[in-house]
Number of protein chains: 2
Amino acid sequence: MGKAYNVMAATCPSRTVLHRIGARWTVFIVNALDDGPRRFTELKAHIQGITPKVLTETLRSLEADGLISRHEYDESPPRVEYALTPLGRSLLVPLRAVRLWAEQHVPDIEAARARRHDHA
Amino acid sequence: MGKAYNVMAATCPSRTVLHRIGARWTVFIVNALDDGPRRFTELKAHIQGITPKVLTETLRSLEADGLISRHEYDESPPRVEYALTPLGRSLLVPLRAVRLWAEQHVPDIEAARARRHDHA
DNA sequence: GACGAACGGTATGGATTTGATACCGGTATC
DNA sequence: GATACCGGTATCAAATCCATACCGTTCGTC
């Protein structure tokens, strides 16, 4: 059971999978669901700066790929909750690491950018 | 030394860092440099489907952020090599995990998409 | 029962990114 | 001199993203 898929190949299905993961807001949404299910408005408030349109689109995509589930409670008023599926939770592991890396290496990157400015 | 940065905050510098990492081709390029330095044309051939324009742009961005280094050898004919910096190599760890996740979970995601088609 | 607010989104239209394709100057090689 | 390779640019079309406004339903308040 070797490497059946290779993201570097243009026609490999893993390529589309990786491009989906790499979509602008996927990392944010998956991380935002780390603590449990959230409602649409909660997500919008938590992930500052995301527009409702993009949030809807990204959620639909992630749902189509089986990474999150959308549960519409038949209450009054109706309530919609988004949660990670087991598959989504498995993706959370590497994506959480990416988020942590970003949060931890801000000074390094800002230093690199500053260095660049000096040369220019 | 708690969490000084939070990617969910719109104005947090880590936000721009994460968006840079999440750019369409960053994961591919960083992973492509896993085995050592590569030349421009090698990268273009290895990462199938990337256009030279986008490759140039992404390389410049990654260089500005201190993730890769560009070394121009003063030979004849001149040769240009791109390599991961120590910082870039530290990013490679989570990004390699993301790539592997994508390659390993293709069947799961294709199954989810197929299920979606049945319902539609 | 009119008024306003919250929820879960859509609609529209413009700005930004991405992509496809062609091209270019310099250096070998034939 | 003709051709090909390297490391890119230039140009323009297409896809994506973002800002802003709006909508129908439900609820609480008066």
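Computation of the quantities below employed the complete heavy-atom set of this structure, encompassing side-chain atoms and omitting hydrogens, waters and symmetry-equivalent molecules. All chains are named by letter (A, B, ...) in the order of the sequence lines, taking the proteins before the strands, and each is independently numbered beginning at 1. Source: prediction; values computed, not measured.
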Checklist entry - Given atom CG of Leu55(A) and atom P of dT16(D), what is their separation to the nearest angstrom? => result 18 Å
Checklist entry - Is Leu100(B) linked to Tyr5(A) within one hydrophobic cluster, defined over Ile, Leu, Val, Met, Phe, Trp and Tyr using a side-chain heavy-atom separation of less than 4.5 Å? => result no
Checklist entry - Side chains of Arg113(B) and Asp65(A): does their closest heavy-atom pair fall under 4.5 Å? => result yes
Item to check | CD on Glu63(B) to OG1 on Thr56(B), rounded to 0.5 Å | outcome: 11.5 Å
Next on the checklist: With a 4.0 Å cutoff (strictly under), does any side-chain N or O of Arg70(A) reach OP1 or OP2 of dG8(C)?
Outcome noted: no
Item to check | Of Val54(A) and Arg60(B), the one whose closest DNA chain D nucleotide lies more 5' | outcome: Arg60(B)
Next on the checklist: Could you check whether any side-chain heavy atom of Leu33(B) comes within less than 4.5 Å of a side-chain heavy atom of Leu43(B), counting everything from C-beta outward?
Outcome noted: yes
Next on the checklist: Counting the benzene-type ring for Trp, do Phe28(B) and His19(A) have ring centres under 6.0 Å apart?
Outcome noted: yes
Next on the checklist: So if I define the base as every atom that isn't primed, P, OP1 or OP2, how would nucleotides 20-30 of chain C read as a B/S/- string at a heavy-atom cutoff under 4.0 Å?
Outcome noted: B------SS--
Item to check | Spacing of NE2 belonging to His105(B) relative to CD belonging to Glu110(B), to within rounding of 0.5 Å | outcome: 13.5 Å
Checklist entry - Which of residues 16-44 of chain B sit near DNA chain D, with a heavy atom under 4.0 Å from it? => result Arg39(B), Phe40(B), Thr41(B)
Checklist outcome for this item: In whole angstroms, the gap separating P of dG8(C) from OH of Tyr73(A) amounts to 12 Å
Item to check | Distance in Å, Ile21(A) CD1 paired with Thr16(A) OG1, rounded so as to fall on 0.5 Å steps | outcome: 9.5 Å
Checklist outcome for this item: In whole angstroms, the gap separating C1' of dT18(C) from CD of Glu57(B) amounts to 8 Å
Next on the checklist: Just the rounded figure in Å: distance from P of dC17(D) to CG of Leu59(A).
Outcome noted: 13 Å
Next on the checklist: Can you tell me how far apart OG1 (Thr51(B)) and CH2 (Trp25(B)) are? Round to the nearest 0.5 Å.
Outcome noted: 8.0 Å
